[in-house]
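Numbers here are sequence positions counted from 1.
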Amino acid sequence: MSIGIDEIVINKRSNVIHTKNCEAVKQMKEANKKLSKVKNIREVEKSQPCGHCLRKRDLKRIYTAEYERRQRLIEKRRERDHKRIDEKYDSRLKIIEQNYLENIEGLDE
């Protein structure tokens, strides 16, 4: 079973986090349930993990998934930024090359 960040239910009263299919969630009052797609790992960090459905290995998977998501995001930004920088310097180098070629034209003779 793969546990993702979006599969977490937070008990509003006890501040305990569970997976959607945890027995405790089935017994929980609807008013105490907070089911949302967690966009930020800090929401998970504010809560206590359920001792039944969220063991250390499960939390490790959640943190690993968030780490990998953040890492991919930064790599994409780096790639985009490097492409822009390369284009900027390529255009400058092209101008320098054009000036050079214009300046040496006819000097070979």
Side-chain angles (χ1 to χ4, degrees):
M1 178 174 117
S2 171
I3 296 174
I5 298 277
D6 61 336
E7 296 178 48
I8 291 174
V9 176
I10 301 173
N11 184 321
K12 294 178 196 175
R13 186 182 55 78
S14 66
N15 210 29
V16 174
I17 57 174
H18 306 268
T19 59
K20 282 196 257 183
N21 59 354
C22 179
E23 286 299 317
V25 171
K26 294 174 186 172
Q27 297 171 4
M28 195 184 305
K29 291 181 181 178
E30 287 299 319
N32 288 336
K33 293 180 186 178
K34 178 184 175 187
L35 175 64
S36 67
K37 292 196 178 226
V38 180
K39 296 177 183 170
N40 192 316
I41 198 75
R42 286 183 215 111
E43 275 190 55
V44 174
E45 292 172 334
K46 292 177 188 174
S47 305
Q48 292 292 100
C50 172
H52 300 288
C53 65
L54 282 174
R55 293 184 176 81
K56 287 182 181 180
R57 73 174 187 280
D58 299 324
L59 289 173
K60 183 178 179 182
R61 277 192 245 163
I62 291 170
Y63 284 108
T64 300
E66 177 67 5
Y67 166 76
E68 290 171 351
R69 184 192 69 80
R70 289 178 179 181
Q71 191 176 33
R72 281 191 305 273
L73 181 65
I74 289 171
E75 287 172 355
K76 284 181 183 178
R77 286 179 182 170
R78 176 193 284 166
E79 186 178 308
R80 182 194 65 217
D81 291 347
H82 279 238
K83 184 178 178 184
R84 288 180 183 165
I85 290 169
D86 288 345
E87 289 170 353
K88 176 182 170 181
Y89 285 105
D90 284 348
S91 67
R92 287 182 178 178
L93 287 171
K94 195 171 197 173
I95 291 169
I96 290 171
E97 181 184 20
Q98 287 173 346
N99 288 340
Y100 166 75
L101 292 174
E102 288 173 6
N103 289 330
I104 64 163
E105 189 176 323
L107 296 178
D108 285 338
E109 299 168 356

Contacts table for residues 98-105: side-chain donor-acceptor under 3.5 angstrom, sequence neighbours left out:
{"from": "Asn103", "atom 1": "ND2", "to": "Asn99", "atom 2": "O", "distance (Å)": "3.1"}

Derivation and outcome, side-chain contact (heavy atoms from CB on, under 4.5 Å), residues Met28 and Arg13: CA-CA 10 Å; Met28 195 184 305; Arg13 186 182 55 78; over 6 Å; no
Exercise: identify the closest heavy-atom pair between Pro49 and Val16: C-CG1, 4.1 Å
Members besides Ile74 in its Ile/Leu/Val/Met/Phe/Trp/Tyr cluster (side-chain heavy atoms under 4.5 Å): none
Spacing of Cys50 atom SG and His18 atom NE2 [to the nearest 0.5 Å]: 5.0 Å
Asn32: side chain to side chain donor-acceptor pair (under 3.5 Å) partners, not counting sequence neighbours: none
Point-to-point distance, once rounded to the nearest 0.5 Å, from CD of Gln48 to CD1 of Ile17: 8.5 Å
Set of side chain to side chain donor-acceptor pair (under 3.5 Å) partners for Glu75, sequence neighbours left out: none
Nearest-0.5 Å distance that lies between atom CG in Asp90 and atom CD1 in Ile85: 11.5 Å
Basic-acidic side-chain contact under 4.0 Å: Arg84, Glu87: no
Separation between SG of Cys22 and CD1 of Ile8, rounded to the nearest 0.5 Å: 11.5 Å
Six-ring centre of Tyr67, Arg70 cation under 6.0 angstrom, axis tolerance 45°: no
Student check: side-chain heavy atoms of Ile10 and Asn15 closer than 4.5 Å: yes
Which residues share a side chain to side chain donor-acceptor pair (under 3.5 Å) with Glu30, sequence neighbours left out: Lys33
Rounded distance [0.5 Å steps], CG in Asp81 versus NZ in Lys76: 14.0 Å
Other residues, nucleotides, ligands: >12 heavy atoms within 6.0 Å of Arg78 CZ: no
By side chain to side chain donor-acceptor pair (under 3.5 Å) - contacts of Glu23 (at least two apart): Lys26
